[in-house]
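Below is one structure, written out as structure tokens; the observations come after it.
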Amino acid sequence: MKGYDFSAIEEKWQKIWEERKVFKVKTDPTKPKYYVLEMFPYPSGRIHMGHVRNYTLGDIIARVKRMKGYNVLHPMGWDAFGLPAENAALKHGIHPAKWTYSNIDYMRTQLKKLGFSYDWDREFATCDPDYYKFEQKFFIEMLEKGLAYRKKTLVNWCESCQTVLANEQVEDGKCWRCGEEVTSREMEGWFLKITDYAEELLSDLEKLKGHWPEKVLIMQKNWIGKSEGAEIDFYIPDIDKNLTVFTTRPDTLFGVTFLALSPEHPLAYEIAEKKGFLEKLLEFREKVRKERKKIEEGEAEKEGFFLETYAIHPFTKEEIPLYTANFVLMEYGTGAIMCVPAHDQRDFEFAKKFGLPIRVVIKPKDRELNPDEMEEAYEAPGVMINSGEFTGLDSDEGKKKIIEKLEALNLGKRKITYRLRDWGVSRQRYWGCPIPVIYCDKCGIVPEKVENLPVKLPLDAQIDPKGRSPLPELKEFAETTCPKCGGKARRETDTFDTFVESSWYFARFACPDYPEAFNPEDVEYWLPVDQYIGGIEHAILHLLYARFFTKVLRDLGYLKLDEPFTNLLTQGMVIKETYRCPRHSWIYPEEVSSEGTCLKDNCGEKVIIGKPEKMSKSKCNVVDPDTMIKKYGADTVRLFIAFASPPEKDLEWSDHGIEGAYRFLKRVYNLFEEHEEILKKVTYKEEELKNLSGQALKLRRKLHQMVKKVHQDFEERFHFNTGIAAIMEFMNYLQDSLKELDLKEELNKKLLREVFEKLLLCLSPVCPHICEELWERLGKETLISEAAFPTWEEDLLKEETFTLVVQINGKVRDQVEAPSGITKEEALSLVKELPKIQKYLEGKNIRNVIFVPEKLINIVVS
RNA sequence: GCGGGAGUGGCGGAAUGGUAGACGCUCCGGACUUAGGAUCCGGUGGGGUAAAUCCCCGUGAGGGUUCAAGUCCCUCCUCCCGCACCA
């Protein structure tokens, strides 16, 4: 016995697949296509188990679909721009480009070792100018269409490093490098008008229902945050201007007792300036800005002050005081609100604090509200009171009526507002795609000429020790000429948010070498992605941006689709048990003794076994894919990952579990080897095996049942765990059968051949290397990776007998083998003969008999 | 607070309203061995009984629908995730 030498087998087949370009695909409209895509990785240095899981799931799907006759596009690339490359440059003095590309080289070899069936000829990295030049082109076209614009935005600023910080570089409100308090600073930046697409992004979620996880759809819906209401104008005589507020409760208009403006509101500024308390306002604004970050952790007290100004109520003409308040966001609605303390909890709290009146205008059906006794706002619908001509209306009805009147008087209008904000894409970073615009003193903002693209990121830049982008100081880059007038001009030195690159990469995979962005023939054939797979952490941003880009590219004439990803699978995390020592905190499994005490520094403390958590270095529970592949081989790693839990649930890594997977593959291998001599000499035709009997028939039936189950679980449900369980169950059955089966009989030899062929075919999407190897040893000259999925005979699946479960009053009391196709009457008389059942029926009246064909009979007795 | 998901053996997990616990792990016993942390075989939800092919209990808790409920409905509990001053 040679034994299962996985490393030789895996190396051999990976080489063959690569040399023969087995997974290379071409556009072929005569064949049905299937595009399976996994979220491409950031080249951080090494593949982690999360990647392995993601890509294993994708690869099984790709291989199954290929076996089912689809022309399968299964590409891989690199989301290669981003901050960690700059951090590595700071820490180790390696240039971000060098760091990134060497990481890619290493990670590619890791992926290849896992035997994933990618069309590697389509690989690209988003930091390649050949990729990002199209992104720059899209941006220029968006600019021309008004989909990109500049506005002021708040950024994190470190005074001591003189640099903008990304959110992840802010730790506890302090700079991650120097520890200085981070302040916010206004800067100009580029924005993409995703809000123009808010309605379509929302309504198209409908098309994804049933194909995307419900959870993701809900998260996106909440993120877009559509709300319907009205904009209402309040005239401010002091400055002779209207203040427009947005409200979803126009029915409470008669309950307004004050108005509140965001401290950032231009009218707040104007009033403060006029009334001479500008400084107070600016102080307050700064305070609120700082608090904004605190709010994320806990509750912030309602604060604000009177603006010494009044506005006129559109209907009652009363004077309503104006306040500025910390809870009013400038970014949402109009940045100003009408406040109805009786019917809005926030307004209520503010009114209580500042002694403002509470006026009840909505009455609940079952009780009266007394403003003096109210402890919280009444926010539910009800009947309108104290509302002039609207009194007595149902509040929902009142909403419409009040809007109608406002519109008639030109004092307001129906309005839909979204929580979704425009997408700020400017990053003051070096390692990103340059934004292709030029600032000219004479011509203003001028896009780079399309023929000059790409605006290449200069690779010879020196990384600044404080982490600032070197681009603004890099004369060769920043100093340029205006494309319009030819005069001296300055180039934009900000780069794009890296989410921009990942918003359209899936489309580029259809034609990665095409000289233009997209070859219509290719994108029309391959898109949309049929199955997209990735982590739930991208439920909102990445997926929303990619959907947005798809619609923009459609409107720019590049693509002809509305949604990029037809089906979405969000896989769970890979988690593992953690160990904690009271003295040493998180410790490695090797540091725990067999008695469960800490071995670190001879500590001896009792180790606390923690619940399984997401693998992380800090918790010492990381399992390295390389180590596992080396120890067990890629097929075992893939098998364990696919078997341990269904894709959408978390997967608990288990050292014992992977042993079990390994053991199973060894069993398959050894059993094959044991019968290899017979197997390679025999061939079979399906019709030769039609008339089996006894154990042979049972085995063949079990085989075909297994094939069908694997088909259902692998292709239809993506429940690889149960499909693999079926294969294991069959293996157990096969080993038992072989004890009884006479392998000197020619027919049984033929059956054994069928068994192994189909078994290997079923297992091959999960464990391609071992199956490829044994397939070859069956004498096959074609690759199992290119074989068709095995067929099963539906007629064969039916057993001649089945276990009839016998229930009395719904309780299982006995079971009996019964011929298939037995009728209710036959079953009843059969069952009545059973001694145990007779006991239960004795002296009782049969009141009802329920018969489920091929399953059970339930006798209801009194 | 709002929204979503989940609670099944010692563990991961199976079960179109029809035998709860497939498959795997762990553990126990046995075989083969100089050896076993290799391999193979058997057992493994709880309780009762000397034992069983016997009986009872059992899918977070409590009700309900049904001949029949892990599955459907209602109430509650626990955990996880997302959102959270969005007017």
Side-chain angles (χ1 to χ4, degrees), chain A residues 1 3 213-219 221-223 225-227 229 245-249 252 260 262 292 295-296 299-302 325-329 331-340 343-347 349-350 379 417-421 536-537 539-540 572-573 575 577 611-612 639-640 643-646 648-661 663-664 666-667 670 709 719 721-732 735-736 739 803-815 836 847-861:
Chain A
M1 215 181 258
E214 195 60 30
K215 181 179 179 152
V216 175
L217 296 177
I218 290 165
M219 282 165 76
K221 186 177 172 224
N222 293 341
W223 189 260
K226 179 179 182 173
S227 54
V245 303
F246 173 72
T247 180
T248 54
R249 293 297 301 273
T252 63
S262 160
R292 189 67 45 84
I295 285 168
E296 278 158 31
E299 292 275 316
E301 181 83 1
K302 297 275 177 299
N326 63 344
F327 66 94
V328 184
L329 307 170
E331 310 86 71
Y332 184 77
T334 61
I337 57 171
M338 61 177 223
C339 297
V340 186
H343 305 294
D344 182 286
Q345 187 57 27
R346 295 155 301 185
D347 302 348
E349 285 165 24
F350 194 86
E379 295 184 330
T417 297
Y418 300 89
R419 206 189 78 118
L420 183 69
R421 314 274 154 79
I536 187 79
E537 65 274 20
I540 298 175
M573 292 183 297
I575 55 175
E577 202 170 65
K611 62 167 190 198
L639 178 65
F640 171 70
F643 177 64
S645 74
E648 58 283 358
K649 286 186 76 168
D650 284 350
L651 182 148
E652 191 179 338
W653 190 268
S654 147
D655 296 334
H656 290 297
I658 192 157
E659 289 277 353
R663 203 175 301 147
F664 173 75
K666 278 191 287 189
R667 270 172 66 202
N670 292 338
K709 172 85 174 143
H719 278 201
N721 57 330
T722 51
I724 292 166
I727 298 174
M728 289 175 167
E729 199 177 342
F730 176 74
M731 263 295 287
N732 294 341
Q735 288 194 309
D736 286 345
K739 289 176 205 153
T803 308
L804 177 69
V805 172
V806 190
Q807 296 184 338
I808 304 291
N809 288 343
K811 288 202 167 194
V812 179
R813 292 303 178 190
D814 204 358
Q815 41 196 296
K836 246 198 254 174
R847 294 175 47 156
N848 196 6
V849 177
I850 286 100
F851 179 67
V852 183
E854 316 293 297
K855 280 258 163 63
L856 65 74
I857 185 164
N858 184 12
I859 303 169
V860 185
V861 298

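Here is how names work: the chains are called A, B, and so on, in the same order as the sequence lines, proteins then strands, and each is numbered from 1.
If you check every strand for non-hydrogen atoms under 4.0 Å, A/N732 touches sugar and phosphate atoms only. A/V812 comes within 4.0 angstrom of the backbone, heavy atoms only, and of no base. As judged by a 4.0 angstrom heavy-atom cut-off over every strand, A/G660 is placed among residues touching the sugar-phosphate backbone only. Looking at heavy-atom distances under 4.0 Å, A/T803 makes contact with a base. Contacts of A/R813 with the nucleic acid, taken as non-hydrogen atoms under 4.0 Å apart, involve only primed sugar atoms and P, OP1 or OP2.
Residues that satisfy the ring pair (Phe, Tyr, Trp, His ring centres under 6.0 Å) test with A/F350, not counting sequence neighbours, are A/F258, A/Y323, A/F327, A/F354. Residues passing the side chain to side chain donor-acceptor pair (under 3.5 Å) test with A/N809: none are found, sequence neighbours excluded.
Within the shown strands, B/G82 is the pairing partner of B/C2 under the Watson-Crick or G-U definition, both distances less than 3.5 Å. In this structure, B/G12 and B/C23 make a Watson-Crick or G-U wobble pair, each of the two defining distances being under 3.5 angstrom. Under the Watson-Crick and G-U wobble criteria, each requiring two contacts below 3.5 Å, nucleotide B/U66 is left unpaired. B/A35 is unpaired under the Watson-Crick or G-U wobble criterion, no partner having all donor-acceptor distances under 3.5 Å. Remark: B/G7 base-pairs with B/C77. Criterion, Watson-Crick or G-U wobble with two distances under 3.5 Å. With a cut-off of 3.5 Å on both pairing distances, B/U53 has no Watson-Crick or G-U wobble partner at all.
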Please write out each protein N/O paired with an N/O of nucleotides 63-67 of chain B under 3.5 Å, distance rounded to 0.1 Å.
unit_1: B/C67; atom_1: O2'; unit_2: A/N858; atom_2: ND2; d: 3.2
unit_1: B/C67; atom_1: O2; unit_2: A/N858; atom_2: ND2; d: 2.6

Could you run down the sub-3.5 Å N/O contacts of the protein with nucleotides 36-45 of chain B?
unit_1: B/U39; atom_1: OP1; unit_2: A/K666; atom_2: NZ; d: 3.2

Give me the distances for all protein-to-nucleotides 78-82 of chain B N/O pairs that come in under 3.5 Å?
unit_1: B/C81; atom_1: O2'; unit_2: A/K215; atom_2: NZ; d: 3.0

Distances under 3.5 Å between nitrogen or oxygen atoms of protein and nucleotides 8-13 of chain B:
unit_1: B/G12; atom_1: O2'; unit_2: A/A644; atom_2: O; d: 2.9
unit_1: B/G13; atom_1: O3'; unit_2: A/N721; atom_2: ND2; d: 3.4

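Place A/M728 and A/S227 on RNA chain B by their nearest nucleotides, and A/M728 ends up nearer the 5' end.
With hydrogens and angles disregarded, no donor-acceptor distance shorter than 3.5 Å links the side chain of A/D814 to the backbone of A/K836.
Regarding A/K811, its NZ atom lies at a distance of 15 Å from the C1' atom of B/C54, rounded to whole Å. Look at CD on A/E729: it is 8 Å from P on B/G24, rounded to the nearest Å.
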Quick one, A/V849 with A/V860, criterion side-chain contact (heavy atoms from CB on, under 4.5 Å). Give me CA distance, side-chain angles, the key distance, then yes/no. CA-CA 6 Å; A/V849 177; A/V860 185; over 6 Å; no
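Within 6.0 Å of CZ in A/R847 there are 12 or fewer heavy atoms belonging to other residues, nucleotides or ligands.
Atom CZ in A/F246 sits 5.0 Å away from atom OH in A/Y332 (nearest 0.5 Å).
Which of B/U19, B/A14, B/A87 sits closest to the side chain of A/Y332 comes down to B/A87.
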